[in-house]
There are 2 protein chains.
Amino acid sequence: MGENYSIGEFSKKTATTIRTLHYYDELGLLKPSYVSEKGRRYYTDKDFITLQRILALKFLGYSLEQIKEFFQKKTWDLMHSLSFQRNEMVQKKEQIENVIKALDRALHIVEDRNEIEPSVFITLINTIQMENEQKEWLKGYIDKDLVEEIYSLPENEQLELEKKWVELSTELKKLADLDHEDDRVQVLIGDMMSLVNDLTGDDLAFVQEISDKEVEDEIWLFHSPFTAEEEEWMANALDTYLKRKGVHLNNEDGTKES
Amino acid sequence: MGENYSIGEFSKKTATTIRTLHYYDELGLLKPSYVSEKGRRYYTDKDFITLQRILALKFLGYSLEQIKEFFQKKTWDLMHSLSFQRNEMVQKKEQIENVIKALDRALHIVEDRNEIEPSVFITLINTIQMENEQKEWLKGYIDKDLVEEIYSLPENEQLELEKKWVELSTELKKLADLDHEDDRVQVLIGDMMSLVNDLTGDDLAFVQEISDKEVEDEIWLFHSPFTAEEEEWMANALDTYLKRKGVHLNNEDGTKES
DNA sequence: ACTTGCTTCTCACGTTACGTGAGGATTTAT
DNA sequence: ATAAATCCTCACGTAACGTGAGAAGCAAGT
């Protein structure tokens with residue numbers, strides 16, 4: 001009951017390490033009730049209660065420094081303190097949820113194809129990570145409602161789109177040594193475009209718009225998975241594609257039969 | 001395009017502090033493409049891509065050390081790595097959710113009564129924190145199904161019970177200088193008992209059972225909000241209560257009218 | 001050439017809550 | 001008394017930078 005425990009006994013009873021008790025002593029958070037002449041620490045039941053307090057507050061996410069203050073201050077606005085702490089924790093939780101979401105999406109894409117281009121992978125993560133910033137950024141370039149629409153896709157459609165995008169990007173990178181007018185390339189470019197169309201409706205022009213914008217002074221928000229050379233190659237391929245498409249459209253508009 | 005950026009320019013473009021870039025250089029994570037004779041660092045677009053990779057992986061919760069390894073290793077089991085990371089994050093999330101739950105319950109109790117006995121408060125947090133450990137512990141003493149039943153109460157009932165428990169504990173502590181046979185004390189003890197009854201059905205004996213158990217060698221899992229003296233006082237009050245109740249019960253059993 | 005002013009450089013200590021020895025003193029058991 | 005536990009006090013290590021301190025580099029104006 002009213003016994004004195006050596007630090008070893010006390011640490012076993014409380015499932016706390018000796019080092020931790022030393023540390024709390026050093027901080028002045030929990031001084032043992034009795035210290036022998038030659039410096040040995042002895043704890044009592046009273047100290048146990050103090051330790052419980054410390055552990056409880058630590059569990060709630062307070063730092064040892066804050067706990068020390070609580071112990072010293074007479075007045076402690078519990079209500080305010082608790083709800084503040086709650087906010088902190090909720091934020092942390094949301095942050096973690098974002099990470100989990102990103103991991104899930106990455107996993108979904110990686111699951112069948114165990115190999116993935118690092119650059120494509122990184123771009124994907126960046127896209128997920130900066131979804132919100134990107135939303136704001138994109139709103140500067142295309143219609144706001146459209147942006148909201150893009151990001152309000154149902155979960156699984158989003159996943160499928162991402163998957164397709166990864167596949168196409170990967171394939172395109174593989175073909176980067178072919179001529180940009182090669183049919184295989186043009187097919188992929190076409191697929192890429194129709195993927196974009198799925199998102200943007202039929203506003204093909206928006207692709208051009210975006211690529212023409214000035215971004216000199218801004219922070220580099222994201223980069224494509226393609227190198228500078230690949231980007232140029234793709235730009236050419238895209239030009240070719242649009243030209244042919246234009247012709248094709250004209251054909252359709254003019255004479256229905258080729 | 002293919003420019004060289006000073007560390008200041010680069011840090012602005014990438015929204016990364018200079019110190020961070022210094023640090024990554026030191027770790028060998030991101031060495032600037034070019035270093036002048038007198039030690040000035042100059043970065044290029046290639047470095048930007050590397051930085052993006054670092055940031056993306058950091059976002060997913062990897063340490064800089066791990067990221068360094070990823071960069072060095074030829075083979076990188078992405079699938080396994082990602083799902084492992086997912087588990088880690090989910091655990092973290094659950095931990096935080098527990099904390100939030102505890103904060104919510106504490107807030108609910110504190111909300112009207114802005115003042116609360118520290119000892120009562122700590123006990124409450126401990127109770128919440130160690131709910132699972134307690135469940136296992138209690139199962140050693142009372143019926144397992146009963147334990148499950150206690151903890152499977154609907155959310156709001158749980159909250160109300162806790163609230164009542166805090167109120168009663170607080171009131172009891174206030175009356176601790178009165179005689180344990182005082183009627184006001186006995187009323188509170190009665191309330192406490194009926195609260196316990198709400199949880200345990202009519203098994204009054206279980207209170208006795210628990211208090212008689214040996215706990216000498218075990219880790220101290222929890223403590224009551226009462227001091228040693230208060231506990232003795234309460235034990236006496238409880239004795240008195242049970243005795244009177246016994247008489248009363250006998251009365252009821254024997255002669256229905258007093 | 002000199003001064004002003006801005007940028008960058010390299011130490012190097014501070015942060016948080018302990019973990020992990022090192023080396024010596026003290027207590028307990030035999 | 002001697003061996004075996006236990007405990008003591010330094011004191012460095014951790015992760016990812018933040019934050020000066022003091023000195024040097026660099027472009028521009030006088």
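No experiment lies behind these values; they were computed from the predicted model shown. So that the names make sense, note that chain A is the first sequence line, chain B the second, and so on, each numbered from 1.
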Exercise. Any side-chain N or O of B/Arg41 less than 4.0 Å from the OP1 or OP2 oxygen of C/dT8?
Worked result: no
For this session: Select from B/Gly8 and A/Thr20 the residue whose nearest nucleotide in DNA chain C is closer to the 5' end of that strand.
Result: B/Gly8
Exercise. Which pair of non-hydrogen atoms, one from A/Phe121 and one from B/Leu60, has the smallest distance, and what is that distance?
Worked result: CZ-CD1, 4.3 Å
Seminar exercise, completed: A/Ser63 has its side chain closest, among C/dT8, D/dC8, C/dA17, to C/dA17
Exercise. Looking for any heavy atom pair under 4.0 Å, which part of the strands does B/Leu27 touch: base, sugar-phosphate only, or nothing?
Worked result: nothing
Problem set entry | Reported NZ-to-CD distance for the pair A/Lys93 and B/Gln95, which is rounded to 0.5 angstrom | 13.5 Å
Problem set entry | d(OH, A/Tyr43; C1', D/dT6) in whole Å | 14 Å
Problem set entry | A/Lys58, nearest nucleotide to its side chain (from C/dT10, D/dC8, C/dC18) | C/dC18
Exercise. Want to settle it: does A/Tyr24 or B/Ile18 sit nearer the 5' end of DNA chain C, counting the closest nucleotide to each?
Worked result: B/Ile18
Seminar exercise, completed: Note: for A/Ser6 and B/Ser36 on DNA chain D, the residue whose nearest nucleotide lies more 5' is A/Ser6
Exercise. Would one find a side-chain N or O of B/Arg19 under 4.0 angstrom from OP1 or OP2 of C/dC9?
Worked result: no
Exercise. What integer distance in Å separates B/Glu26:CD from D/dA15:C1'?
Worked result: 12 Å
Problem set entry | Positive for side chain to side chain contact (heavy atoms under 4.5 Å, CB included) with A/Leu21, one of A/Leu29, A/Ile7, A/Asp47 | A/Ile7
Exercise. How close or far is atom C1' of D/dT9 from atom CG of A/Leu21, stated in whole angstroms?
Worked result: 16 Å
Problem set entry | Between P of D/dC7 and OH of A/Tyr5, the distance in whole Å | 15 Å
Problem set entry | Side-chain N or O of A/Tyr23 closer than 4.0 Å to phosphate OP1/OP2 of C/dG19 | no
Exercise. So, B/Ser81 and B/Tyr62: side-chain donor and acceptor under 3.5 Å apart, yes or no?
Worked result: yes
Exercise. Can a donor-acceptor pair under 3.5 Å be found between the side-chain atoms of A/Arg40 and the base atoms of C/dT27?
Worked result: no
Exercise. Rounded to whole angstroms, how far apart are CD1 on B/Ile7 and P on C/dT10?
Worked result: 9 Å
For this session: Rounded to the nearest angstrom, tell me the gap between atom CG in A/Asn4 and atom C1' in D/dT6.
Result: 16 Å
For this session: Take the protein atom CD of A/Glu37 and the nucleotide atom C1' of C/dT27, then report the distance between them rounded to whole Å.
Result: 14 Å
Exercise. Should the pair A/Glu160-A/Lys163 be classified as a salt bridge under the 4.0 Å nitrogen-to-oxygen rule?
Worked result: no
Problem set entry | Distance test, side-chain N/O of A/His22 to OP1/OP2 of C/dC18, below 4.0 Å | no
Exercise. With nearest nucleotides of DNA chain D determined for A/Lys38 and B/Glu65 from heavy-atom distances, which residue corresponds to the more 5′ nucleotide?
Worked result: A/Lys38
Problem set entry | Interatomic distance, B/Tyr42 OH vs C/dT8 P [rounded to whole Å] | 8 Å
